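These notes are about the structure you will find just below.
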Amino acid sequence: MKNRLEELRKQKGINQEELAAALEVSRQTIGSLENGRYNPSIILAFKIARYFETDIESVFIYEEEKNE
């Protein structure tokens with residue numbers, strides 16, 4: 001799943017540590033989310049969307065895999 005987390009964070013002018021503190025997760029979690037190594041729980045996805053005052057679909061982009 002792709003996401004716009006890094007883009008949104010930079011637009012807000014905050015670093016990974018500040019975002020992590022606001023969301024009550026580790027900086028490593030934010031880094032992993034931004035790099036696509038980790039998909040958030042639904043609760044964390046809601047927290048992130050609420051923090052950026054947007055909806056989940058504006059942060060996380062789900063693309064179905066096509067079977068060829």
Side-chain angles (χ1 to χ4, degrees):
M1 177 167 44
K2 295 181 182 181
N3 69 70
R4 298 179 49 233
L5 189 55
E6 183 175 10
E7 174 189 340
L8 293 168
R9 177 179 58 76
K10 288 181 176 180
Q11 283 176 0
K12 201 165 180 90
I14 60 172
N15 62 33
Q16 288 182 343
E17 285 190 20
E18 292 167 320
L19 180 57
L23 298 173
E24 299 177 326
V25 297
S26 70
R27 188 207 53 78
Q28 289 82 2
T29 296
I30 299 301
S32 292
L33 286 167
E34 289 183 356
N35 292 318
R37 291 189 306 259
Y38 170 73
N39 288 325
S41 68
I42 191 70
I43 293 170
L44 181 54
F46 271 106
K47 281 183 166 182
I48 291 167
R50 188 170 293 145
Y51 179 82
F52 289 108
E53 300 176 344
T54 191
D55 55 28
I56 289 175
E57 293 87 356
S58 296
V59 182
F60 299 97
I61 300 102
Y62 175 72
E63 295 176 342
E64 289 191 40
E65 292 182 25
K66 295 179 182 168
N67 293 330
E68 295 182 36

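No experiment lies behind these values; they were computed from the predicted model shown.
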Legend entry - Expected output: side-chain N3 to main-chain G36 donor-acceptor under 3.5 Å: no

Side-chain polar contacts of residues 42-55 - donor-acceptor pairs under 3.5 angstrom, sequence neighbours left out - could you list them?
from: T54; atom 1: OG1; to: S58; atom 2: OG; distance (Å): 3.3
from: D55; atom 1: OD1; to: S58; atom 2: N; distance (Å): 2.9
from: D55; atom 1: OD1; to: S58; atom 2: OG; distance (Å): 2.6

Inset, instruction - Calculate, to the nearest 0.5 Å, the distance between atoms CD and OH belonging to Q28 and Y38 respectively. - result: 12.5 Å

Using distance only, find each side-chain donor-acceptor pair of residues 13-23 under 3.5 Å and give its atom names and separation, not counting sequence neighbours.
from: N15; atom 1: OD1; to: E17; atom 2: N; distance (Å): 3.0
from: N15; atom 1: OD1; to: E18; atom 2: N; distance (Å): 2.8
from: Q16; atom 1: OE1; to: R27; atom 2: NH1; distance (Å): 3.0
from: Q16; atom 1: NE2; to: E34; atom 2: OE1; distance (Å): 2.8
from: E18; atom 1: OE1; to: N15; atom 2: N; distance (Å): 2.8

Inset, instruction - Check the surroundings of atom CD in Q11: do more than 12 heavy atoms from other residues, nucleotides or ligands lie under 6.0 Å from it? - result: yes

Legend entry - Between T29 and S26, a side-chain donor and acceptor under 3.5 Å: yes

Inset, instruction - Taking side chain to side chain contact (heavy atoms under 4.5 Å, CB included) as the test, write out the residues that go with K2, two or more places apart. - result: I61, E63

Legend entry - Test applied, side chain to side chain contact (heavy atoms under 4.5 Å, CB included); reference residue, R9; option that passes from E6, K12, E7: E6

Inset, instruction - Give, for atom CZ of F60 and atom CE of M1, the distance between the pair rounded to the nearest 0.5 Å. - result: 6.0 Å

